[in-house]
S.K.: 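Quick one: the structure is below, questions incoming.
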Amino acid sequence: MCRNIRTLFNFDPPATDEEIRDAALQFVRKLSGTTKPSKRNEPAFERAVDSIAACARELLDSLETSHPPHNREEEAAKARARTLSRFA
């Protein structure tokens with residue numbers, strides 16, 4: 001359920017708003033125990049996603065590091081290799 005919750009800090013290019021929102025959505029889904037809220041709970045669900053996405057953006061923008069940024073393509077290749085060895 002949490003497949004989109006990944007490390008988003010210190011990448012080149014930086015995390016997009018869409019990536020941050022996807023992670024926030026997965027987080028709220030995990031907390032609420034549902035992938036699609038009822039109509040009655042939909043406004044609260046969306047407010048939570050928006051709030052968490054805003055907090056995540058604020059966090060990512062305020063973090064500092066002396067480590068050079070990770071390359072997205074290299075990290076994706078490493079992840080694919082781990083998946084292949086895991087499920088081969």
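The model shown is predicted, which means the values in this text are computed figures rather than measured ones.
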S.K.: Restricting to side chain to side chain contact (heavy atoms under 4.5 Å, CB included), what partner residues turn up for Phe11, sequence neighbours left out?
M.R.: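 With sequence neighbours excluded, Phe11 shows a side chain to side chain contact (heavy atoms under 4.5 Å, CB included) to Thr7, His70, Arg72, Glu75, given in chain and number order.
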S.K.: Measure across Ala53 and Ile20 and return the closest heavy-atom pair with its distance rounded to 0.1 Å.
M.R.: O-CG2, 3.5 Å
S.K.: Please enumerate all residues that pass side chain to side chain contact (heavy atoms under 4.5 Å, CB included) together with Glu18, with sequence neighbours excluded.
M.R.: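 Side chain to side chain contact (heavy atoms under 4.5 Å, CB included) check on Glu18 returns Thr16, Asp22.
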S.K.: Which side-chain hydrogen bond (donor to acceptor under 3.5 Å, both in side chains) pairs, counting each pair once, include a residue from residues 79-88, with sequence neighbours left out?
M.R.: none
S.K.: Could you go through the side chain to side chain contact (heavy atoms under 4.5 Å, CB included) check for Glu19 and Arg6 one step at a time?
M.R.: CA-CA 9 Å; Glu19 289 172 312; Arg6 297 187 176 98; over 6 Å; no
S.K.: Excluding sequence neighbours, so at least two apart, what forms side chain to side chain contact (heavy atoms under 4.5 Å, CB included) with Leu25?
M.R.: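 Testing Leu25 for side chain to side chain contact (heavy atoms under 4.5 Å, CB included), a comparison that skips the adjacent residues, returns Arg29, Phe45, Val49.
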S.K.: So, using side chain to side chain contact (heavy atoms under 4.5 Å, CB included) as the criterion, who are the partners of Pro69 when residues are at least two apart?
M.R.: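 Here the qualifying residues are Asn10, Asp12.
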S.K.: List for me each residue that meets side-chain hydrogen bond (donor to acceptor under 3.5 Å, both in side chains) alongside Asp50, sequence neighbours excluded, and say none if there are none.
M.R.: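 For Asp50, the residues satisfying side-chain hydrogen bond (donor to acceptor under 3.5 Å, both in side chains) (neighbours in sequence not counted) are Arg21.
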S.K.: Quick one: salt bridge (charged side-chain N to carboxylate O under 4.0 Å, His left out) partners of Asp61, sequence neighbours excluded?
M.R.: Arg57
S.K.: With rounding to the nearest 0.5 Å, note down the distance linking CD1 in Ile52 to CG in Leu31.
M.R.: 6.0 Å
